[in-house]
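Computed from a prediction, not measured in an experiment: that's the story for all the values here.
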Amino acid sequence: METRAPYVLIGTFVLAAIIAVFGFVYWLNNSGGIGPRTNYHVQFQGPVPGLLVGAGVLFNGIRVGEVIQLGLAPDNPRFVNATISVASATPVRTDTRVGLDFQGLTGVPVVTLEGGMIVAKSGESLTLIAEAGAGQSMTQAARDALRRVDSVLEDNSGPLKDTIANFKTFSDGLARNTDRIDGILAGLEKMTGGGAPAQKITYDLRTPQDLGQGGKTLSASLAIPEPTAVAMLQTQRMLFSPVGEIKGFADFLWADSIPKLVQARLIDSFENYDIAHAPLRATDLGQADYQLLIDIRHFRIATEGEPRAEIGLSARIVDKNGKVIASRMVETAEKLDKVEPAAAVAAFDAAFARIARELIGWTVQIV
C-alpha cells in the first residue's frame, strides 16, 4: 500500500485539476465572467427551434449572458417561457425588443436584445415579450411563404385556368390574322411617317455636246474654281420660286450640290469645245494665267405664271494678280411642259446648254 499510495494521490489530483479547469471554462463561457447578474423572463409567442439552456444572449450584437431556463407556458402550450441571465450593467428596458437569431453555418440560435427607452420601476419583475415570429429561421420563413403562395394558387386555380385559356385563344387569333395585322401596322407606319425612308432618286445635269469649233481657242491657261453661292443654293434639292414644296419632288436629288455640279459641267463643256486647252480646277497643280469666277444667282424652277427653269450666273475673268479683266451676267430660262422631275431636268439641260455656249464664246474672246 505504501508504494501505490503516491500514484493514487497523484492521479486523483490530476483528475481534480482537469475537472476544475473544464468547470472554470464552462462557468466562464456560460456565466459571462465574474460580476453581478440579473435574471429576466422572456416569452416567445411561437416555437424556438434549436434554442437550448446555455445559449448566448446578445445585446446589440454583444454577448451579455445566456439562457438559464426553458419551458412551455402553462396557460398556453404554444408559448415558450425562458429565463435569461445577463450582466447587471446591461441596459435592459421594459420596451427592449427581443428576438431569436441564427448564427454561423450551422444556424446556432441565440437570444437577441435591442434598444429600449422605458426604465422599469424599482423591484418590478420584468417580463420581455418577443416579437411575433421571432423563432422563425430563414428556412421556416421560406416554407411559410411558399405555403401561402400555394394556398393562393389553390384558391384561385379556376380563374388562373380561365386566364391561361383566354391567352391561348388570343394567341391563336393573332396567328390566324398575321397578314391582316402586318397590313394594319404598315398602314400606321405610312400614316405616321415611320418605316424605312423612301429611296431618293438622283438626277444629273447633262453636258452639252454640240458646242461647235469656231476656230478661236484659249490662248492662255484657265482655271474654273467652285462657284460661290448663298447658303440656300448649297444643296442637292430642287429649288422653287416662290419657296415651297412641290408634289413629286420629295425624293429628288441632284447628283451633287448645285455649285459643284455647275463647276463640273462647265469644265466638261470647255473640254468638249477644245480638249487641247481644257481649263483646270483651282485645286489642280500649277497656277493658271486666268480664272473664270462664277457666282450662282439662281438655279430654280419658277412656278408663278408659266412654269420655267431659270439659271442666272455672274461671271468674272481675273488674272494672276487678281485684277478683273472682264465681267458679265448670263441668265436664261426654259419653259416647262409640266412640273415634274423628268421635265424639270430636261428644261435645265436645255437652259444650261445655252449658258455654256454663251460663256465659252465670251471667254475665248478674252483669254
Shortest non-hydrogen pair, Ala350 vs Glu334, comes out as CB-CD, 3.8 Å
Quick one: do Thr363 and Phe270 satisfy side chain to side chain contact (heavy atoms under 4.5 Å, CB included)? Show the steps, please.
-> CA-CA 10 Å; Thr363 305; Phe270 272 91; 3.9 Å; yes
For Ala87 against Arg37, the heavy-atom pair lying closest together | N-NH1, 3.9 Å
What distance separates Phe79 CZ from Ile129 CD1, expressed to the nearest 0.5 Å?
-> 8.0 Å
Go through the steps for Leu70 and Phe44 under the test side chain to side chain contact (heavy atoms under 4.5 Å, CB included), then give the verdict.
-> CA-CA 11 Å; Leu70 277 174; Phe44 293 93; 5.6 Å; no
Between the side chain of Thr332 and the main-chain N/O of Ile355, is any donor-acceptor distance below 3.5 Å?
-> no
For Lys161, salt bridge (Lys or Arg N to Asp or Glu O under 4.0 Å) partners two or more places apart | none
Salt bridge (charged side-chain N to carboxylate O under 4.0 Å, His left out) assessment of Arg316 paired with Asp295 | CA-CA 9 Å; Arg316 290 176 298 158; Asp295 181 66; over 6 Å; no
Salt-bridge contact Asp172-Lys168 (side-chain N to carboxylate O under 4.0 Å) = yes
Heavy-atom closest pair, residues Gly115 and Thr96 | O-OG1, 2.8 Å
Cluster link Ile325 to Ile294, ILVMFWY, side chain under 4.5 Å = yes
Indicate if Leu292 and Met329 have the same hydrophobic cluster label, given that clusters are the connected sets of ILVMFWY residues with side-chain heavy-atom separations under 4.5 angstrom.
-> no
Asn272 side chain to Pro208 backbone, donor-acceptor under 3.5 Å = yes
For the hydrophobic clusters of this structure (ILVMFWY residues joined by side-chain heavy atoms under 4.5 Å, transitively), does one cluster hold both Val98 and Val119?
-> no
Between Leu58 and Leu126, is there a shared hydrophobic cluster once you connect ILVMFWY residues whose side-chain heavy atoms come closer than 4.5 Å?
-> no
Which pair of non-hydrogen atoms, one from Ala333 and one from Arg354, has the smallest distance, and what is that distance?
-> O-NH2, 2.8 Å
Please report the closest heavy-atom contact between Ile84 and Val67, naming both atoms and the distance.
-> CG2-CG2, 4.1 Å
Flag, side chain of Asp204 to backbone of Arg206, donor-acceptor distance under 3.5 Å | no
Report yes or no: does Ser219 contribute a side-chain atom to a donor-acceptor pair with the main-chain N or O of Val367 at less than 3.5 Å?
-> yes
Quick one: pull up CG in Asp274 and OG in Ser269 and give me the separation to the nearest 0.5 Å.
-> 13.0 Å
What's the spacing between Tyr40 OH and Thr127 OG1 if we round to 0.5 Å?
-> 11.5 Å
Salt bridge between Arg308 and Glu306, side-chain N to carboxylate O under 4.0 Å?
-> no
Could you list the residues that satisfy salt bridge (Lys or Arg N to Asp or Glu O under 4.0 Å) with Arg93, not counting sequence neighbours?
-> none
Only counting residues at least two apart or in another chain, list the ones meeting salt bridge (Lys or Arg N to Asp or Glu O under 4.0 Å) with Lys260.
-> none
Cluster check Val53, Leu128: I/L/V/M/F/W/Y, side chain < 4.5 angstrom | yes
Give every residue pair that meets the ring-ring contact (aromatic ring centres under 6.0 Å, His included) criterion with at least one member in residues 226-249, sequence neighbours excluded.
-> Phe240-Phe249, Phe249-Phe252
Pairs satisfying ring-ring contact (aromatic ring centres under 6.0 Å, His included), at least one member in residues 300-321, at least two apart | none
ring-ring contact (aromatic ring centres under 6.0 Å, His included) pairs touching residues 293-315, sequence neighbours excluded, are Trp254-Phe299, Phe299-Phe348
Where do Gln291 and Pro225 come nearest, in terms of heavy atoms and distance?
-> OE1-CG, 3.0 Å
Looking only at atom types and distance, does a side-chain atom of Asp95 sit under 3.5 Å from a main-chain N or O of Gly116, one as donor and one as acceptor?
-> no
Do Glu331 and Arg297 sit within salt-bridge range, that is, some charged N less than 4.0 Å from a carboxylate O?
-> no
